[in-house]
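Any value given below was found using the heavy atoms of this structure, including those in side chains, with hydrogens, waters and symmetry copies removed.
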Amino acid sequence: NLIVIEDCAQAHGACIHGKPVGSFGDSSCFSFYPTKNLGSYGDAGMILTNNDDFAKRALLLRQYGEEKRYHSIINGYNSRLDELQAAILRVKLAYIQEWNQRRREIAGLYKSKVTNSKIRHLRETENGTAVYHLFVVRVANREQFQSYLQLHGIGTAIHYPTPLHLQKAYASLGYKEGYLPITERLMKEIVSLPLFPELTNKEVEYIIEIINKY
């Protein structure tokens, strides 16, 4: 009797057992922030549901809690997807499968050609199809590795440097460092390598060559 809400912010087009994410739960949420696999030119997002009550409440919340114009029946927000962003997303939607396939190709090159034993990457589950919003690897001495890549003109990022249980916003829950030791260890090792559909094979091969020399 649990309600399942899927966070699909970084998983546009991903599948589990051939079924697309966003179709499992009572509701699902997608982000269209410009950096996502399907991104707008500004802040945007979408909620999916096949629950009539959830849909009605979401529609109320998106515009001041209004049941009809200027008549609010609950506390709501100003959270509408504007027409310009919708038009941009509608055009880009036709390319999402092509872009995701290119992401998978780049990820495949990293996985098959990065042979440096200091670098460890995540394995894709057998029953899933990833769309590689990010390509995250693990490496000891992360700062040294990032500096080395930066010297060769290769940018990296850390997604994300501080785990939720150690965020100041949740200090009231009483979690201290050491509560989730595996999470905390991984947070000190993860690095996101360049990955976006516009990367050329030549650029990817260069990145791989530099990593293998580390």
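- Every pair passing side-chain hydrogen bond (donor to acceptor under 3.5 Å, both in side chains) that includes a residue from residues 89-101 is listed here, sequence neighbours excluded: Asn37-Asn100.
- Leu61 places none of its side-chain heavy atoms less than 4.5 Å from the side chain of Ser79.
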TODO: Step by step, work out the side chain to side chain contact (heavy atoms under 4.5 Å, CB included) result for Phe30 and Lys36.
DONE: CA-CA 10 Å; Phe30 286 82; Lys36 305 303 184 186; over 6 Å; no
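- Rounding to the nearest 0.5 angstrom, the gap separating the OG1 atom in Thr156 from the CD1 atom in Ile190 is 11.5 Å.
- Within the 4.5 Å cutoff, the side chain of Arg80 has heavy atoms near those of the Tyr64 side chain.
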Open item on the list: Run the side chain to side chain contact (heavy atoms under 4.5 Å, CB included) test on Ile5 and Cys29 for me, step by step, so that the C-alpha distance in whole Å, both residues' side-chain angles and the decisive distance to 0.1 Å come before the verdict.
Closed with: CA-CA 8 Å; Ile5 301 174; Cys29 309; 4.1 Å; yes
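- Ring geometry, Tyr110 versus Phe135: the interplanar angle falls from 30° to 60°, so the pair is classed tilted.
- When each of Arg142, Lys118, Arg120 is paired with Glu189, the salt bridge (charged side-chain N to carboxylate O under 4.0 Å, His left out) condition holds for Arg120 and for no other.
- Between His121 and Leu193, the closest side-chain pair of non-hydrogen atoms is not below 4.5 Å.
- By the 6.0 Å contact criterion, OH on Tyr206 is enclosed, its count of non-hydrogen atoms from other residues, nucleotides or ligands being greater than 12.
- Residues Ile210 and Tyr148 meet the side-chain proximity criterion, which asks for heavy atoms closer than 4.5 Å.
- In the hydrophobic cluster analysis, where Ile, Leu, Val, Met, Phe, Trp and Tyr join through side-chain heavy atoms closer than 4.5 angstrom, Tyr33 is grouped apart from Ile96.
- More than 12 non-hydrogen atoms from other residues, nucleotides or ligands lie less than 6.0 angstrom from CD of Glu198.
- Across all their heavy atoms, Pro34 and Gly42 have their closest contact at CD-O, 3.5 Å.
- For the pair His159 and His133, the minimum side-chain heavy-atom distance is 4.5 Å or more.
- Atom CG in Leu81 sits 8.0 Å away from atom CZ in Arg62 (nearest 0.5 Å).
- Sparse packing is recorded around CD1 of Ile47, with 12 or fewer heavy atoms of other residues, nucleotides or ligands lying under 6.0 Å away.
- At a threshold of 4.5 Å between non-hydrogen side-chain atoms, the residues Leu180 and Pro163 do not count as touching.
- Other residues, nucleotides and ligands contribute more than 12 heavy atoms inside 6.0 Å of the NZ atom of Lys19.
- Inter-residue side-chain proximity for Val136 and Val191 is flagged as unmet; no heavy-atom pair is nearer than 4.5 Å.
- Across every non-hydrogen atom of Gly178 and Pro181, the tightest pair is O-CD, 3.4 Å.
- No donor-acceptor pair closer than 3.5 Å links the side chain of Thr129 to the backbone N or O of Cys15.
- Counting only residues at least two apart or on different chains, the side-chain hydrogen bond (donor to acceptor under 3.5 Å, both in side chains) pairs with a member in residues 1-11 are Gln10-Tyr160.
- Note on Val204 and Tyr214: same hydrophobic cluster, where clusters join Ile, Leu, Val, Met, Phe, Trp and Tyr whose side-chain heavy atoms are under 4.5 Å apart, directly or indirectly.
- Here Lys113 contributes atom NZ and Thr115 contributes atom OG1; the two are 11.0 Å apart, rounded to the nearest 0.5 Å.
- The side-chain contact (heavy atoms from CB on, under 4.5 Å) test with His12 singles out one residue from Leu38, Val131, Leu93, Val21, and that residue is Leu38.
- Residue Cys8 comes nearest to Ser28 through the heavy atom pair SG-CB, 4.0 Å, listed as atom of the first residue, atom of the second, then distance.
- Of the possible donor and acceptor atoms, one in the side chain of Asn51 sits under 3.5 Å from a partner among the backbone N and O of Phe54.
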Open item on the list: For a side chain to side chain contact (heavy atoms under 4.5 Å, CB included) check, start with the C-alpha distance between Leu89 and Met46, then their side-chain angles and the critical distance, and finish with the verdict.
Closed with: CA-CA 11 Å; Leu89 289 164; Met46 178 173 68; over 6 Å; no
Open item on the list: Set out, in order, the CA-CA distance, both residues' side-chain angles and the distance that settles side chain to side chain contact (heavy atoms under 4.5 Å, CB included) for Val137 and Ile211, then state yes or no.
Closed with: CA-CA 11 Å; Val137 297; Ile211 290 175; over 6 Å; no
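- Note on ring orientation: taking the six-membered ring where Trp is involved, the planes of His165 and Tyr175 are perpendicular (angle over 60°, cut-offs 30° and 60°).
- Just one of Lys188, Gln146, Glu143 meets the side-chain contact (heavy atoms from CB on, under 4.5 Å) condition when paired with Ile158; it is Gln146.
- Side-chain atoms of Arg102 come within 3.5 Å of backbone atoms of Leu199 as a donor-acceptor pair (strictly under, hydrogens ignored).
- Although no hydrogens or angles enter the test, the distance criterion places no donor-acceptor pair under 3.5 Å between the side chain of Gln85 and the main chain of Asp43.
- With a 6.0 Å radius and a threshold of 12 heavy atoms from other residues, nucleotides or ligands, Leu173 has its CG atom above the threshold.
- One N or O on the side chain of Thr49 and one on the backbone of Asp26 form a donor-acceptor pair closer than 3.5 Å.
- By the neighbour-count criterion of 12 heavy atoms within 6.0 Å, atom OH of Tyr41 is sparsely surrounded, having that number or fewer from other residues, nucleotides or ligands.
- Within 6.0 Å of CZ on Arg57 lie no more than 12 heavy atoms contributed by other residues, nucleotides or ligands.
- At a threshold of 4.5 Å between side-chain heavy atoms, the hydrophobic network of Ile, Leu, Val, Met, Phe, Trp and Tyr places Tyr179 and Leu164 in one connected group.
- Taking NZ from Lys68 and CD1 from Ile73, the interatomic distance works out to 11.0 Å, rounded to the nearest 0.5 Å.
- Ion pairing of Lys202 with Glu205 is absent here, as no side-chain N (NZ or NE/NH1/NH2) approaches a carboxylate O to less than 4.0 Å.
- Side-chain contact between Tyr132 and Ile106 is absent, with no heavy-atom pair separated by less than 4.5 Å.
- Phe24 pairs by the ring pair (Phe, Tyr, Trp, His ring centres under 6.0 Å) definition with nothing, not counting sequence neighbours.
- Note that CG of Leu166 and OG1 of Thr183 are 9.0 Å apart. Values are rounded to the nearest 0.5 Å.
- Residue Asn78 qualifies as enclosed at atom CG: its count of foreign heavy atoms under 6.0 Å is above 12.
- Rounding to the nearest 0.5 angstrom, the gap separating the CG atom in Asn212 from the OG atom in Ser117 is 10.0 Å.
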